[in-house]
Chemist: 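Just dropping this structure here.
Each chain gets a letter, A, B and so on, in the order its sequence line appears, and its residues count up from 1.
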Amino acid sequence: MAEIQLHNTLAGKIEKFVPQKAGEVRMYTCGPTVYDYAHIGNYRTFVFQDILRRFLKLRGFKLNHVMNLTDVDDRIIANAAAAGKSIRDYTEKFVQAFFDDCRSLSIEAPEHWIRATDHIDDMVKLIERLQQKTFTYPSEGSIYYRIAKFPEYGKLSKVDLTGIQAGARVDNDRYEKESARDFALWKAPKPGEHFWETPIGPGRPGWHIECSAMAMKFLGDTLDIHTGGVDLAFPHHENEIAQSEAATGKPFARYWLHAEHLLVEGEKMSKSLGNFYTLRDLFGKGYKPSALRFALSSVPYRKQLNFTFDGLQQAASSVERLRNFADRLKQGKFPAGKQKGMAARIAKAADEFDAGLSEDLNTARALAAVFDLVREANIAMDKGEFRQGDVSAAQEFLATFDKVFAVMEDNDGEKLRALGFGRPESGPGDTEIDKLVAERNAAKKKRDFVTADRIRKELADRGIIIEDAKDGSVRWKRK
RNA sequence: GGCGCGGUCGCCAAGUGGUAAGGCAAAGGUCUGCAAAACCUUUAUCGGCGGUUCGAUUCCGCCUCGCGCCUCCA
């Protein structure tokens with residue numbers, strides 16, 4: 001197997017990945033802020049994180065992966081207040097929607113899915129530690145982080161501090177700060193706002209402190225991997241580093257991975273441009289979850305992904321090709337024995353697949369390896385050279401592929417129905433289909449093609465595709 | 001202005017100092033009662049200009065275009 005290489009934002013280059021403890025990976029990924037439904041741009045990042053965790057697992061690492069749910073911030077407080085709900089009640093709906101969305105995209109549950117509001121105490125304790133080390137100062141009931149005391153500030157995002165200091169936006173927070181670049185660890189409550197009564201005073205946590213506190217609580221002072229979208233590198237991750245390392249004196253995370261953004265039709269996705277999509281928007285238009293997952297994962301994560309409906313359609317066709325191949329493998333009848341060349345081809349494809357993913361998660365390269373094998377095996381089948389003994393090796397390869405990409409299982413219909421989309425009736429059952437297929441075969445034998453075609457048409461209208469194979473066998477699949 | 005990502009076939013996209021993977025789409029063909037699936041064939045000189053080199057899409061410089069961050073936005 002190839003050496004795993006990952007692009008580390010901290011180093012500014014691709015590095016060999018070596019976890020602190022052999023065989024184990026401690027990973028923290030920034031999850032959604034649950035003030036609304038997450039959009040496909042968010043899911044680009046979450047799918048990337050999923051590919052990463054799945055690949056690490058495939059390579060045998062024991063994973064401890066924490067993903068946070070930010071369930072307290074300005075928008076949540078404002079929206080909850082407007083809705084006359086508690087923060088918990090307001091966010092619950094979006095938390096559940098997020099879980100549902102993740103299931104639809106086959107995003108695995110991390111080892112820990114945690115909510116910020118469940119860890120206020122841990123944040124307070126971390127702030128107290130920073131207070132003791134005089135990295136903080138109070139101002140109008142809030143507590144700020146004094147960046148001037150952390151000389152390494154900017155090492156992740158390479159921001160030019162002098163530039164920021166000269167910036168005009170000094171007081172957007174409406175609080176007094178010593179320096180423009182200082183950020184709030186703890187925010188004093190505004191009138192009527194929800195707050196927590198704590199040893200450091202009443203208020204609510206600043207945005208960055210939750211990740212530092214929760215990551216270190218679950219994973220220890222030094223994480224192996226920390227990821228998020230590129231926009232989080234500054235200020236969010238930079239501030240996490242400042243908080244955590246000031247408190248512990250140790251490196252906070254060893255590898256920082258940042259996913260590039262998704263564009264829609266070449267433009268930044270935004271509500272004002274009308275190109276803002278949630279998963280529900282797309283599923284409502286009839287697109288399949290597997291197609292979306294494929295589209296989001298086929299472009300390597302460090303490259304901006306231009307999302308288009310044409311592209312989504314292309315992804316659907318690509319998935320279709322792969323599933324057709326898997327069906328052919330499963331249902332086809334091949335001569336007994338093994339073909340020496342084919343075994344070698346499969347092994348080569350598996351190597352190349354692994355090499356692709358090992359190279360900073362080069363999903364495009366990994367996919368090419370899969371499609372190469374599909375074509376080669378199809379050719380062998382057409383020539384009658386593919387043997388029964390090659391089936392299991394090919395299937396194993398596809399299974400390995402799918403452990404990471406997770407698009408092979410034909411369950412889009414179920415997933416859509418689970419989210420309330422698609423037809424409630426689930427189409428004809430297997431026995432009914434088999435019966436109709438048998439009737440059609442009988443008709444075909446009598447060369448009664450009118451009846452045969454009528455049955456095929458009827459089934460097609462009910463979502464069943466029938467294919468006659470060369471050897472006279474018939475296979476069917478649900479559309 | 002600073003920092004970062006990127007401009008490769010109609011669309012998506014990989015990649016290398018020695019004349020460019022893969023997917024989708026299109027056209028033609030093989031197979032098929034018809035279809036579907038599959039297969040075959042056809043479709044690029046890599047944003048522009050210089051430089052280094054025997055040779056650059058790949059290295060360097062400049063330019064240009066797109067996008068992002070630098071204001072709690074994945």
Chemist: Examine distances only and state if a side-chain atom of A:Asp122 and a backbone atom of A:Met214 form a donor-acceptor pair shorter than 3.5 Å.
Modeler: no
Chemist: Donor-acceptor pairs under 3.5 angstrom involving side-chain atoms of residues 378-385 of chain A: please list them, not counting sequence neighbours.
Modeler:
residue: A:Asn378; atom: OD1; partner: A:Arg328; partner atom: NH1; Å: 2.6
residue: A:Asn378; atom: ND2; partner: A:Val374; partner atom: O; Å: 3.3
residue: A:Asp382; atom: OD1; partner: A:Arg328; partner atom: NH2; Å: 2.6

Chemist: Can you see if the side chain of A:Arg321 gets near the phosphate of B:rA37 - specifically, an N or O under 4.0 Å from OP1 or OP2?
Modeler: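 Negative; the distance criterion is not met.
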Chemist: Go through the steps to decide whether A:Asn239 and A:Tyr145 satisfy the test side chain to side chain donor-acceptor pair (under 3.5 Å), and finish with yes or no.
Modeler: CA-CA 9 Å; A:Asn239 291 348; A:Tyr145 185 96; over 6 Å; no
Chemist: Given the P atoms of B:rC62 and B:rG1, what is the spacing between them in whole Å?
Modeler: 13 Å
Chemist: Tell me whether the OP1 or OP2 atom of B:rC69 has a side-chain N or O from A:Lys268 closer than 4.0 Å.
Modeler: yes
Chemist: Are A:Arg75 and B:rC73 close enough that a side-chain N or O sits under 4.0 Å from OP1 or OP2?
Modeler: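 For B:rC73, OP1/OP2 do have a side-chain N/O of A:Arg75 under 4.0 Å.
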Chemist: Salt bridge check, A:Glu467 against A:Lys477: does any charged N sit closer than 4.0 Å to a carboxylate O?
Modeler: yes
Chemist: If I compare all heavy atoms of A:Ala246 with all of A:Leu130, which pair ends up nearest, and what's the gap?
Modeler: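 Residues A:Ala246 and A:Leu130, closest heavy atoms: CB-CD2, 3.7 Å.
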Chemist: For A:His261 and B:rA74, say yes or no: do the ring centres fall under 5.5 Å of each other while the ring planes differ by less than 30°?
Modeler: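 Yes; centroid distance and tilt both under limits.
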Chemist: What I want to check is whether an N or O donor and acceptor connect the side chain of A:Arg456 with the base of B:rA36 at under 3.5 Å.
Modeler: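 Per atom types, no contact qualifies.
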Chemist: Rounded to whole angstrom, note down the C1' distance from B:rU41 over to B:rC46.
Modeler: 24 Å
Chemist: Could you check which residues of residues 300-312 of chain A get a heavy atom under 4.0 Å from RNA chain B? Sort them by number, please.
Modeler: A:Pro300, A:Arg302, A:Lys303, A:Gln304, A:Asn306, A:Asp310
Chemist: Determine the Euclidean distance between corresponding C1' atoms of B:rG51 and B:rG66; express it in Å to zero decimal places.
Modeler: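 B:rG66 and B:rG51 have their C1' atoms separated by 26 Å.
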Chemist: Does A:Phe449 stack onto the base of B:rG33, taking stacking as ring centres under 5.5 Å apart and planes under 30° apart?
Modeler: yes
Chemist: When you check the phosphate oxygens OP1 and OP2 of B:rA14, does a side-chain N or O of A:Asn362 lie under 4.0 Å from one of them?
Modeler: no
Chemist: Closer than 4.0 angstrom, basic N to acidic O: yes or no for A:Arg454 and A:Glu458?
Modeler: yes
Chemist: Please state the C1' separation for the pair B:rU57 and B:rG48 - nearest whole angstrom.
Modeler: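 Nearest-Å result for B:rU57 against B:rG48 at atom C1': 14 Å.
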Chemist: Of all the nucleotides listed (B:rG4, B:rG15, B:rC40), which has the minimum atom distance to the side chain of A:Glu359?
Modeler: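 Among B:rG4, B:rG15, B:rC40, the one nearest the side chain of A:Glu359 is B:rG15.
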Chemist: Please measure how far the C1' atom in B:rU16 lies from the corresponding atom in B:rU58, and state the result in whole Å.
Modeler: 6 Å
Chemist: Please give me the minimum heavy-atom distance between A:Ala315 and A:Ala291, naming the atom from each residue.
Modeler: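 Taking A:Ala315 first and A:Ala291 second, the nearest heavy atoms are CB-O, 3.4 Å.
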